[in-house]
Amino acid sequence: MTLPTVLVVAVALIDADGRVLIAQRPEGKQLAGLWEFPGGKVDPGERPEAALIRELKEELDIDVNEACLAPFVFASHAYDSFHLLMPLYLCRRWSGVVQNREHAALKWVRPNQLSDFPMPPADEPLVAWLRDLL
Ligand code: 523
């Protein structure tokens, strides 16, 4: 069976103490309760970086300059009805204070604690990459 490919962008926001932000998916959404790297779908015709900047404003109320987004690694995972392709960007600088606008909860965690949180299957393999980097 051929599954449609859906492009989703995500970010590892890293604070001054080297902690990473993870966000718990809310009730009513697919994969509710799991802890993800924040992000969302790229709209048709939208540049991925612009989509991530838009999602970070909507979800976390922060402003990110495109120059501060470093593409890091791609996740690729077949969910039941689509194939998800998801670049994870690294971001260490933003303006504004992170607010929870759409998730069940937000948490800043040390890289070696990331594996304590159940994540969507697409995000899981990214944790080892990130731990090795940070
Ligand atoms: N994932 C995922 N990991 C991850 C994100 C941000 C998203 O596996 N870090 C999956 C979950 C959904 C799909 O990608 O199956 C779309 O993510 P979603 O729902 O956060 O994107 P939105 O908010 O753009 O989607 P709509 O609520 O449908 O508009």
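We count ligands from 1, going down the list as the structure has it; atoms in each ligand are counted the same way.
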Under 4.0 Å, heavy-atom basis, I'd like to know which part of [X] is in contact with ligand 1: side chain, backbone, both or neither.
{"X": "K29", "answer": "side chain"}
{"X": "W35", "answer": "neither"}
{"X": "L31", "answer": "side chain"}
{"X": "K41", "answer": "both"}

Using a 4.5 Å cut-off on heavy atoms from C-beta on, say whether the side chain of [Y] contacts that of [X].
{"X": "L56", "Y": "W94", "result": "no"}
{"X": "M86", "Y": "D123", "result": "yes"}
{"X": "F72", "Y": "L130", "result": "yes"}

Exercise for the section: Compute the minimum heavy-atom distance from E55 to ligand 1 and say whether it is under 4.0 Å. Expected result: yes
Practice task
Decide whether the shortest distance between a heavy atom of M86 and an atom of ligand 1 is less than 4.0 Å.
Solution key: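 Distance cut 4.0 Å: M86 passes for ligand 1.
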Practice task
Report the distance from atom CG of L13 to atom CD1 of I22, rounding to the nearest 0.5 Å.
Solution key: 12.0 Å
Completion exercise
When rounded to the nearest 0.5 Å, the distance separating CG of L84 from CG of L3 is 11.5 Å
Handout entry: Any donor-acceptor pair under 3.5 Å from Q24 side chain to W35 backbone
Key =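 Looks like no, no N/O pair under 3.5 Å.
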Handout entry: Under 3.5 Å: donor-acceptor pair, side chain of D17, backbone of R19
Key =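 No, because the side chain of D17 does not come within donor-acceptor range (under 3.5 Å) of the backbone of R19.
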Considering non-hydrogen atoms of the protein only, which is the closest contact for [atom], and what is the distance?
{"atom": "atom 1 (N) of ligand 1", "value": "L84 CD1, 3.9 Å"}
{"atom": "atom 19 (O) of ligand 1", "value": "R25 NH2, 3.2 Å"}
{"atom": "atom 5 (C) of ligand 1", "value": "E36 OE1, 3.3 Å"}
{"atom": "atom 3 (N) of ligand 1", "value": "D123 OD1, 2.6 Å"}

Practice task
State whether the number of non-hydrogen atoms from other residues, nucleotides or ligands found under 6.0 Å of R92 atom CZ is greater than 12.
Solution key: no
Numbering the atoms of ligand 1 from 1, which are under 4.0 Å from a heavy atom of [X]?
{"X": "Q30", "result": "12 (C), 15 (O)"}
{"X": "F37", "result": "4 (C), 6 (C), 9 (N)"}
{"X": "Y79", "result": "2 (C), 8 (O)"}
{"X": "P120", "result": "8 (O)"}

Exercise for the section: Decide side chain to side chain donor-acceptor pair (under 3.5 Å) for E36 and H103; before the verdict, give the C-alpha distance in whole Å, the side-chain angles of both, and the deciding distance to 0.1 Å. Expected result: CA-CA 10 Å; E36 69 180 8; H103 286 91; 2.8 Å; yes
